[in-house]
*Asks:* 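Below you will find the structure I want to go over with you.
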Amino acid sequence: MVSAMPRERLYLFDTTLRDGAQTNGVDFTLHDKLAIAALLDDLGVDYIEGGYPGANPTDTELFAQNRDLRATFTAFGMTRRPGRSAANDPGLVALLDAHADAICFVAKTWDYHVRVALETTLEDNLASIRDSVRAAKAKGREVLLDCEHFFDGYKANPAYALACAKAAHQDGARWVVLCDTNGGTLPHEVEAIVRAVTAVVPGDHVGIHAHNDTEQAVANSLAAMRAGARHIQGTLNGLGERCGNANLVSLIGNLKLKPEYAESFEIGVTDDKLAHLTRASRSLDEILNRASNRHAPYVGDSAFATKAGIHASAILKDPATYEHVRPEMVGNRRKLLVSDQAGRSNVLAELERVGITVGRDDPRVARLLDVVKEREAVGYAYEAADASFELLARRMLGKVPQYFDVTRFDVNVEQRINAVGDRVTVSMAVVKVAVGGENLISAAEGIGPVNALDLALRKDLGKYQSYIKGLNLTDYRVRILNAGTEAVTRVLIESEDENGERWTTIGVSPNIIDASFQALMDSIVYKLVKSGAPA
Ligand SMILES: [Zn+2]
């Protein structure tokens, strides 16, 4: 990615903590916000928009914190209200006093909104933009202006929309950011309109803020760049209200790895930090307590997964045959899925990846493939459960010790009226385990039968207890399948250990508790194998 010509600097502005916080079901705590800011800062994002100081207690507290960030920490708020002076607008005064490196104002630039929503004149709105930019400059802040509804505004009244952009630039705004607030603008329109703006405001002062309502927020951001914009706003994983904002993760992948961009532009994300991209994306999902999008470009679990045998054998000869970039560059990994469609190549490659060497013509490989096919026919899906596949393979090669035996378990679910008269459902599990010569009995209560069973299983494994203390279940998914004539339940469990390593295990049975038990057992045994626990 080194080129002879000096590359132009392109600035990334993250608004996960402000616009991303508008997402349905997302409610960041102060601790979440600080953790996300640290992730973004580590990646090398230039600006982090923290939120709206004065608007809610979390944001007010966030801005009061001592932060040690390399990025320009930015406060967001409105330009001065109509009919007031800057000094006489309490909202603006609070914003100017916030402990921030930069201030991003939002202003209306669509004449219709100025008249109907602000109920003021077009001239007063321009004066409000100028006054607010000047007041923040006077406070020593870097200033950005988010031009709300800019593209719709431009279509309705281009002269007025341009006048707003020009006013902010003339009065010293570092960036004039064109917002596709409703997210309905198409890439060719964005490119044409941004070109018109860069004729009156230099492109190295123009930014883009795209929403994903036509699933083109990333494309729209790149279109704006082609037209001269040098500042891109977005969020981690495309978080944001409705269909989300431009996904910074995908943008970073494109800007760093597509020669058309990488050779002409430089961003604050170094090649080393690019390898943190997958981790950053998944960390956000962890903070949000939700499963990651397996199909996310660049960073998804399936982004570099190949299923069909014929593709897999080509990939083994040369990965470039079916991959647009190398997965390691973004911290992801190649995955050759083992499934009933898989050939010997997938199985061999997967075995090699986990450090098991077997000869190509070893009869055990053919037998393993047969077992995978038989089990998939009754509902197993090993492509989604890498750890269960690895255990199956190791067992067939005689490499998994019998660490312990669950000799019996009992799970019950009881609904009753509690002491304060509420109807409650409680679950309890009792597990009997033989470890070495010992028989251990553990009981636990849980929020559901599977949770109770999990807690009881992991409560006391005797001499193995220290190996599993960092084990955590991070996701639990259930599907009812119709395999043959009977319905069966498939359970997938995702686990994580103290090193942040993740794996997925599977269980299939007509009984949901039994399917969950299989997946839980695989997860524990996998952790013991991985930790090198003695037999
Ligand atoms: Zn927005």
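Whatever order the structure lists ligands and atoms in, that order sets their numbers, starting from 1. All values derive from a computational prediction rather than experimental measurement.
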*Asks:* Run the side chain to side chain donor-acceptor pair (under 3.5 Å) test against Glu496 and tell me which residues pass, sequence neighbours left out.
*Replies:* none
*Asks:* Check step by step if ring-ring contact (aromatic ring centres under 6.0 Å, His included) holds for His324 and Tyr298.
*Replies:* CA-CA 10 Å; His324 71 115; Tyr298 292 103; 5.3 Å; yes
*Asks:* What about Tyr154 and His149, are their ring centers closer than 6.0 Å?
*Replies:* no
*Asks:* Distance alone, cut at 3.5 Å: any donor-acceptor contact between the side chains of Asp180 and Thr185?
*Replies:* yes
*Asks:* Sorted by first residue and then second, give each side-chain hydrogen bond (donor to acceptor under 3.5 Å, both in side chains) pair with at least one member in residues 31-47; sequence neighbours left out.
*Replies:* Arg9-Asp46, Thr29-Asp32, Lys33-Asp59, Asp42-Lys273, Asp42-His276, Tyr47-Glu142, Tyr47-Trp175
*Asks:* So, using salt bridge (Lys or Arg N to Asp or Glu O under 4.0 Å) as the criterion, who are the partners of Lys137 when residues are at least two apart?
*Replies:* none
*Asks:* Which atoms of the protein, restricted to N, O or S, are nearer than 2.8 Å to the Zn ion (ligand 1)?
*Replies:* Asp19 OD2, His209 NE2, His211 NE2
